[in-house]
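Below you'll find the structure, written out as structure tokens, and then a few comments.
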There are 2 protein chains.
Amino acid sequence: MGQGDAEGTAPAPAQAELAQTFAGWRTKAFEAARCPVRNVLDRTGDKWSILILTALAGGPHRFSAILRLIPDLSKRMLTQTLRDLERDGYIARTVYPTKPPSVEYRLTALGGTLMEPLAALVRWAERSHPEIEAARVRFDGG
Amino acid sequence: MGQGDAEGTAPAPAQAELAQTFAGWRTKAFEAARCPVRNVLDRTGDKWSILILTALAGGPHRFSAILRLIPDLSKRMLTQTLRDLERDGYIARTVYPTKPPSVEYRLTALGGTLMEPLAALVRWAERSHPEIEAARVRFDGG
DNA sequence: CTGCATCCGACGGGATACTG
DNA sequence: CAGTATCCCGTCGGATGCAG
């Protein structure tokens, strides 16, 4: 049957949509660099962005407050990740020139809208966790 | 105003939800290794998983078919990524013992349900692309 | 055709120490 | 308090070659 496809797994609506989007990518060249999806996934995929965004979802926080909130997060990575997030417009930085300078970070409107699809993904991850674990045991052990 | 938060950006429902989830993480220790979200993001965040899943969203495909569909994807990375995806139960592998062996990969039910939140994220990425680009120009240039 | 092994460069990210 | 600079190592991933 050659490359005949479109069956096997019931093609849910989301699948069809993604398949469609993907078809578009191949045709008009996804130069990688300016691929919107890649840009977003490069952030959400790294080690700390999600955690930091999630922390800020509860309200604005100061540098050291975030540091205290997230275990194992170093100053170095916090600084760097905050810079990246700010550059992409997900968060905003406000400096208060007090005696010991204090800096506050908060979600922007853009960052806020990202929370929605992100929450959906998080929900999926938690819901599917048992099934994924089971699949791993099956794959590794048997 | 100290740590007083819960304002600045209108706390959308998704934000509140994520903030809630995050609070839970900190309390019951997110050992990283068995964190469901981390498990999922480790996949979606890597270089090829999404592309491959998206390709399979259009229907089952053979090894070399996927290779041809995705530019710049090497055999090495395709093999490795397929293994990881199979291990987590996102895709299924079927071997047809023909003269030159042919192997078909297809989305599982679990993989299919992942497409939904993933499509939402992709949609968000494409919709927000201009705004992100603008933020970058603002940050870099001015 | 499908997959594994090896080599190797690039990059993420941790530890530590120093500055305004 | 909020960064910056340096070192260093583990992993990701590309190139190539070999094997069922």
Side-chain angles (χ1 to χ4, degrees), chain A residues 1-3 30-33 35 38-52 55-56 60-88 91-106 139, chain B residues 1-3 31-33 35 38-39 41-52 55-56 60-88 91-106 139:
Chain A
M1 58 189 68
Q3 312 292 83
F30 53 158
E31 313 287 298
C35 169
R38 197 43 72 77
N39 281 336
V40 172
L41 290 176
D42 279 353
R43 297 276 97 253
T44 60
D46 72 19
K47 201 171 180 183
W48 303 112
S49 290
I50 304 283
L51 272 331
I52 294 173
L56 293 179
H61 285 291
R62 295 178 45 181
F63 186 89
S64 48
I66 303 174
L67 212 53
R68 259 177 280 112
L69 276 175
I70 306 177
D72 299 335
L73 173 56
S74 67
K75 279 190 300 181
R76 175 174 164 7
M77 288 317 295
L78 178 55
T79 302
Q80 180 175 312
T81 308
L82 284 172
R83 279 287 176 281
D84 291 339
L85 291 174
E86 186 193 1
R87 184 173 114 94
D88 282 4
I91 64 176
R93 193 181 108 112
T94 315
V95 182
Y96 297 102
T98 51
K99 347 283 186 71
S102 83
V103 181
E104 189 187 75
Y105 293 91
R106 61 178 182 77
F139 187 89
Chain B
M1 58 191 64
Q3 311 291 81
E31 312 287 298
C35 168
R38 197 42 72 76
N39 281 336
L41 291 176
D42 279 352
R43 299 274 96 255
T44 60
D46 72 19
K47 203 172 180 184
W48 303 111
S49 290
I50 305 284
L51 272 331
I52 294 174
L56 293 179
H61 284 291
R62 294 180 44 184
F63 186 89
S64 48
I66 303 174
L67 211 53
R68 260 177 279 111
L69 277 176
I70 306 177
D72 299 335
L73 173 56
S74 67
K75 279 190 303 180
R76 176 173 161 16
M77 288 317 295
L78 178 54
T79 302
Q80 180 176 313
T81 308
L82 284 171
R83 279 286 176 280
D84 292 338
L85 291 173
E86 186 193 0
R87 185 171 113 94
D88 283 2
I91 65 176
R93 192 180 110 113
T94 315
V95 183
Y96 297 103
T98 52
K99 345 285 183 69
S102 85
V103 182
E104 190 187 74
Y105 294 91
R106 62 177 181 77
F139 187 89

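Order of the sequence lines fixes the chain letters, A, B, ..., with proteins taken first and strands second; residue numbering starts at 1 for each chain.
Under the 4.5 Å side-chain criterion, counting only non-hydrogen atoms from C-beta, Y105(B) is not in contact with H61(B). Proximity of E104(A) to F63(A): side-chain heavy atoms (C-beta onward) are nowhere separated by under 4.5 Å.
Regarding D42(A), its CG atom lies at a distance of 13 Å from the P atom of dC11(C), rounded to whole Å. Atom pair I70(A):CD1 and dG14(C):P shows a separation of 12 Å (rounding to whole Å applied). Between E86(A) atom CD and dG3(D) atom C1' there is a gap of 13 Å when expressed in whole angstrom units. Rounded to whole Å, atom P of dC1(D) lies 14 Å from atom CD1 of I66(A). A straight line from NE2 of H61(A) to C1' of dC1(D) spans 17 Å, rounded to a whole angstrom. Atom NZ in K99(B) sits roughly 16 Å away from atom P in dT2(C) (whole-Å rounding). Between the CH2 atom of W48(A) and the P atom of dC11(C) there is a distance of 22 Å, rounded to whole Å. Atom CD of Q80(A) and atom P of dG13(C) are 7 Å apart (whole Å).
Both S64(B) and R76(B) lie near DNA chain C, and the one whose nearest nucleotide falls closer to the 5' end is S64(B). Between R93(A) and S74(B), the residue anchored closer to the 5' end of DNA chain D is R93(A), taking for each the nucleotide with the nearest heavy atom. When each of K75(A) and K47(A) is assigned the nucleotide of DNA chain C bearing its nearest heavy atom, the one mapping closer to the 5' terminus is K47(A).
Of the candidates dC4(C), dT4(D), dG14(D), the closest approach to any side-chain atom of R83(A) belongs to dT4(D). Nearest nucleotide to the R62(B) side chain, out of dC1(D), dG3(D), dC1(C): dC1(C). Nearest nucleotide to the side chain of M77(A), out of dG14(C), dC1(C), dG14(D): dG14(C). The listed nucleotides are dC1(C), dG3(D), dG20(C); the one nearest the side chain of P100(B) is dC1(C).
Taken from CG in D42(A) to CG in D88(A), the straight-line distance is 9.5 Å, to the nearest 0.5 Å.
The residue Y96(B) sits apart from the nucleic acid: no heavy atom pair falls under 4.0 Å.
Side-chain nitrogen and oxygen atoms of R43(B) include none within less than 4.0 Å of the OP1 or OP2 phosphate oxygen of dC12(D).
In this structure a side-chain-to-backbone donor-acceptor pair under 3.5 Å is present from R38(A) to K47(B).
Side-chain contact, T81(B) with D84(B): no donor N or O sits under 3.5 Å from an acceptor N or O.
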